[in-house]
Amino acid sequence: MEAFLILIASWLIVYLATRKKDSIRPMDQYEKERIRRSNKRFIEEEKESNRKLKRALYDFLWGANKNL
């Protein structure tokens with residue numbers, strides 16, 4: 001009987017620790033828009049960084065031979 005109660009108690013602890021929270025509210029439109037703008041700005045910064053790197057590499061490799 002004691003083992004059964006320990007089993008039930010351990011199951012209850014695991015269940016309560018792993019269940020999903022019902023109190024999570026969905027994101028409102030303002031939060032979604034803010035995240036979208038932030039992601040868009042980050043992507044644009046990465047693209048610009050890549051462009052600068054490609055230009056620098058091109059200039060390094062072909063800068064002296066542009067007239068050929």
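Below, each value reflects all heavy atoms present in this structure, side chains not excepted, and no hydrogens, waters or symmetry copies. Owing to the predicted nature of the structure, the values given are computational and were not obtained by experimental measurement.
The side chain to side chain donor-acceptor pair (under 3.5 Å) check on R36 picks up E33, with sequence neighbours excluded. Applying the side-chain contact (heavy atoms from CB on, under 4.5 Å) test to N39 and every residue at least two apart in sequence or in another chain returns I35. Remark: R51 pairs with E48 by the side chain to side chain donor-acceptor pair (under 3.5 Å) rule, at least two apart or across chains. Here Y15 pairs with W11, R19 under the side-chain contact (heavy atoms from CB on, under 4.5 Å) rule; sequence neighbours left out. In terms of the side-chain contact (heavy atoms from CB on, under 4.5 Å) criterion, residue partners of E46 (sequence neighbours excluded) are, by chain and number, F42.
Hydrophobic side-chain contacts under 4.5 Å tie I8 into a cluster, directly or through other members, with F4.
Side chain of S10 to backbone of I6: a donor-acceptor contact under 3.5 angstrom is found. Of the possible donor and acceptor atoms, none in the side chain of S38 sits under 3.5 Å from a partner among the backbone N and O of R34. Remark: side-chain polar atoms of E31 are paired, donor with acceptor, to backbone N or O of D28 under 3.5 angstrom.
Of the inter-residue distances, the one linking L57 atom CG with W62 atom CH2 reads 10.5 Å to the nearest 0.5 angstrom.
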